A.B. asks: 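Okay, here's the structure, questions in a sec.
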Amino acid sequence: MALLDKSVPENLPPVLDATADQPPLFDGTTRLYTAYTCPFAQRVWITRNYKGLQDKIHLVPLNLQSRPSWYGEKVYSVNRVPALEHNGKIIGESLDLIKYLDSNFEGQSLLPDDPAKKEFAEESFSYTDTFNKTVFTSFKGDVAKEAGPAFDYLENALHKFDDGPFLLGQFSLVDIAYIPFVERFQIFLSEVFKYDITAGRPKLAAWIEEINKLGAYKQTKTDPKELVEFYKKRILGQ
Ligand SMILES: N[C@@H](CCC(=O)N[C@@H](CS)C(=O)NCC(=O)O)C(=O)O
């Protein structure tokens, strides 16, 4: 798999806050409006890196806490990240965007042709919101009991195709849809609840290990300390 990983380490552009000027809009440059800490935006960032599109898709990182007013007013009225500026249009929604990048840009294809895999990919995309909600909700309840089934879903899914360690066998958009959230849940559940999501889930453990080998992903990883502080405040109100 490493051979297909087209990512090269890059110098990341500085974060734009409320005082920052707006970059030109619709000047032909393709821009990914993002936030370095956002798991939804991270999905698109990993896809961009894996397909080797660093020169084609420029990152415009925003400070969401001190967001430039021009973003919601002139770029994307939904005022969330990620959003992609491409061919005179602004497109949002991370799951739509990773598919859009895969179909509209060059680079390694990240969805297989095999019908059984395609079907399972759609099922897995549909489950992501429930997966995230189930785990977030468990933070306020019995973590092992409530979040356990969500991680079991991934463990079972990883048994489905045996031509590689990823959710569809080979690395795909499905892995990209889940990993930003699994990354955060693993850190937070271990740090705050002493719950190891990989205990008794060998396939999940191997999946995380394999994804961590990908340069395209490594560059996008969140800072664990910041994450724990952020979730403690935001979710546990501490
Ligand atoms: N469904 C959206 C969710 C995007 C989202 O919630 N992004 C957050 C940051 S992680 C955001 O922009 N929040 C700002 C806000 O809601 O004001 C997607 O998948 O792209």
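As the structure is a computational prediction, the values presented were derived from the model and not from experiment.
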A.B. asks: Is it true that, when you exclude E119 itself, more than 12 heavy atoms of the residues, nucleotides or ligands shown sit nearer than 6.0 Å to its CD?
C.D. replies: no
A.B. asks: Could you grab the distance from atom CD of E226 to atom CD1 of I187, nearest 0.5 Å is fine?
C.D. replies: 11.0 Å
A.B. asks: So, do F136 and Y231 have ring centers that fall under 6.0 Å from each other?
C.D. replies: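 Centroid distance F136-Y231: below 6.0 Å, so yes.
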A.B. asks: Pick one: which of R48, Q42, R43 meets side-chain hydrogen bond (donor to acceptor under 3.5 Å, both in side chains) with T220?
C.D. replies: Q42
A.B. asks: Any salt bridge linking E155 with R201? Criterion: basic side-chain nitrogen under 4.0 Å from a carboxylate oxygen.
C.D. replies: no
A.B. asks: Do F188 and K232 have side chains that approach each other closer than 4.5 Å (heavy atoms only, starting at C-beta)?
C.D. replies: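 They are in contact (side-chain heavy atoms under 4.5 Å apart), so the answer is yes.
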A.B. asks: Tell me the closest heavy-atom pair linking P180 and I46, and the distance in Å.
C.D. replies: CG-CD1, 4.3 Å
A.B. asks: Answer with yes or no whether the hydrophobic clustering places Y36 together with L62; edges join I, L, V, M, F, W, Y residues whose side-chain heavy atoms lie under 4.5 Å apart.
C.D. replies: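 Per the 4.5 Å side-chain linkage, Y36 and L62 are not co-clustered.
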A.B. asks: Under 4.5 Å between side-chain heavy atoms, counting indirect links through other Ile/Leu/Val/Met/Phe/Trp/Tyr residues: same cluster for F230 and L236 or not?
C.D. replies: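 Yes, F230 and L236 fall within the same hydrophobic cluster.
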A.B. asks: Is Q54 close to N49 at the side-chain level, that is, under 4.5 Å between some pair of heavy atoms?
C.D. replies: yes
A.B. asks: Which value, rounded to the nearest 0.5 Å, describes the distance between L167 atom CG and D175 atom CG?
C.D. replies: 4.5 Å
A.B. asks: I want to know whether F131 and F181 have ring centres closer than 6.0 Å.
C.D. replies: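 That pair fails the under 6.0 Å test.
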A.B. asks: Does the side chain of W45 come within less than 4.5 Å of P82's, by heavy atoms?
C.D. replies: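 Contact flag for P82/W45 side chains = no.
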A.B. asks: Between Y33 and Y76, does the ring centroid distance fall short of 6.0 Å?
C.D. replies: no
A.B. asks: Can you confirm whether N212 sits close enough to K221 that some side-chain heavy atom of one is under 4.5 Å from a side-chain heavy atom of the other?
C.D. replies: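 N212 reaches K221 side chain to side chain.
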A.B. asks: For residues I211 and Y217, report the shortest heavy-atom separation together with the two atoms involved.
C.D. replies: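 Residues I211 and Y217, closest heavy atoms: O-CD2, 3.4 Å.
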A.B. asks: Of the non-hydrogen atoms in K118 and P112, which two are nearest, and what is the gap between them?
C.D. replies: CG-O, 3.4 Å
A.B. asks: Under a 3.5 Å distance rule, please check whether K51 uses its side chain to pair with a backbone N or O of Q108 as donor and acceptor.
C.D. replies: yes
A.B. asks: Show the nearest heavy-atom pair for residues I197 and L204, with the distance to one decimal.
C.D. replies: O-CD2, 3.5 Å
A.B. asks: Do S66 side-chain atoms and A18 backbone N/O form a donor-acceptor pair below 3.5 Å?
C.D. replies: yes
A.B. asks: Find the distance between OG (S103) and CG (L111) and round it off to the nearest 0.5 Å.
C.D. replies: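 Going from the OG atom of S103 to the CG atom of L111 covers 7.5 Å.
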A.B. asks: Do the side chains of L16 and P23 get nearer than 4.5 Å, heavy atoms only?
C.D. replies: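 Contact flag for P23/L16 side chains = yes.
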A.B. asks: May I ask you to decide if D152's main-chain N or O and N156's side chain share a donor-acceptor pair within less than 3.5 Å?
C.D. replies: yes
A.B. asks: So D196 and S190, side chain to side chain contact (heavy atoms under 4.5 Å, CB included) or not? Walk me through it.
C.D. replies: CA-CA 6 Å; D196 175 4; S190 149; 6.0 Å; no
A.B. asks: For residues I90 and A83, report the shortest heavy-atom separation together with the two atoms involved.
C.D. replies: CG2-CB, 4.0 Å
A.B. asks: Give me the ring orientation class for F151 and F185: parallel if the planes are under 30° apart, tilted from 30 to 60°, perpendicular past 60°.
C.D. replies: perpendicular
A.B. asks: Measure from the side-chain N and O atoms of D17 to the backbone N and O of N63, and report whether any donor-acceptor pair falls under 3.5 Å.
C.D. replies: no
A.B. asks: What verdict does the side chain to side chain contact (heavy atoms under 4.5 Å, CB included) test give for V75 and V60, after you've listed the backbone C-alpha separation in whole Å, the side-chain angles of each residue and the deciding distance to 0.1 Å?
C.D. replies: CA-CA 12 Å; V75 179; V60 182; over 6 Å; no
A.B. asks: In the structure I gave you, are the side-chain heavy atoms of L101 and V44 within less than 4.5 Å of one another anywhere?
C.D. replies: yes
A.B. asks: Going from CD on E229 to CG on D223, what distance comes out if it is rounded to the nearest 0.5 angstrom?
C.D. replies: 10.0 Å
A.B. asks: Is there a path of hydrophobic side-chain contacts, each under 4.5 Å between heavy atoms, that joins F161 and F171?
C.D. replies: yes
A.B. asks: Can you confirm whether D27 is buried at CG, in the sense that more than 12 heavy atoms of other residues, nucleotides or ligands lie under 6.0 Å from that atom?
C.D. replies: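 Yes, enclosed.
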A.B. asks: Just one of V81, L12, V15, L32 clears the side chain to side chain contact (heavy atoms under 4.5 Å, CB included) bar with P61, so which one?
C.D. replies: V15
A.B. asks: Less than 6.0 angstrom from the centroid, inside 45 degrees of the normal: does K56 satisfy that with respect to the ring of F105?
C.D. replies: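 Because its charged atom misses either the 6.0 Å distance or the 45° angle limit, K56 does not stack over F105.
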A.B. asks: For S124, is there any backbone N or O sitting under 3.5 Å from a side-chain donor or acceptor partner on Y178?
C.D. replies: yes
A.B. asks: Consider only side-chain heavy atoms of I, L, V, M, F, W and Y, link residues closer than 4.5 Å, and tell whether V182 and L227 are in one cluster.
C.D. replies: yes
A.B. asks: Could you tell me the separation between the OG1 atom of T222 and the CD atom of E183, rounded to the nearest 0.5 Å?
C.D. replies: 6.0 Å
A.B. asks: Say you draw a straight line from CD of E85 to CZ of R31; how long is it, rounded to the nearest 0.5 Å?
C.D. replies: 4.5 Å
A.B. asks: Go through the steps to decide whether K117 and V174 satisfy the test side chain to side chain contact (heavy atoms under 4.5 Å, CB included), and finish with yes or no.
C.D. replies: CA-CA 10 Å; K117 289 187 175 182; V174 178; over 6 Å; no
A.B. asks: More than 12 foreign heavy atoms under 6.0 Å from CG of D142: is that the case here?
C.D. replies: yes
A.B. asks: How about NZ on K194, more than 12 heavy atoms from neighbouring residues, nucleotides or ligands closer than 6.0 Å, or not?
C.D. replies: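 More than 12 heavy atoms, drawn from other residues, nucleotides or ligands, come within 6.0 Å of this atom.
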A.B. asks: Write down the atom of P165, the atom of L158, and the distance for their closest heavy-atom approach.
C.D. replies: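 That closest heavy-atom pairing would be O-CD2, 3.5 Å.
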A.B. asks: Count I, L, V, M, F, W, Y as connected when their side-chain heavy atoms are under 4.5 Å apart, and connections chain through other members. Are L84 and W70 then in the same cluster?
C.D. replies: no
A.B. asks: Indicate yes or no: does E122 engage K99 in a salt bridge with an N to O separation below 4.0 Å.
C.D. replies: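 Yes, E122 and K99 are salt-bridged.
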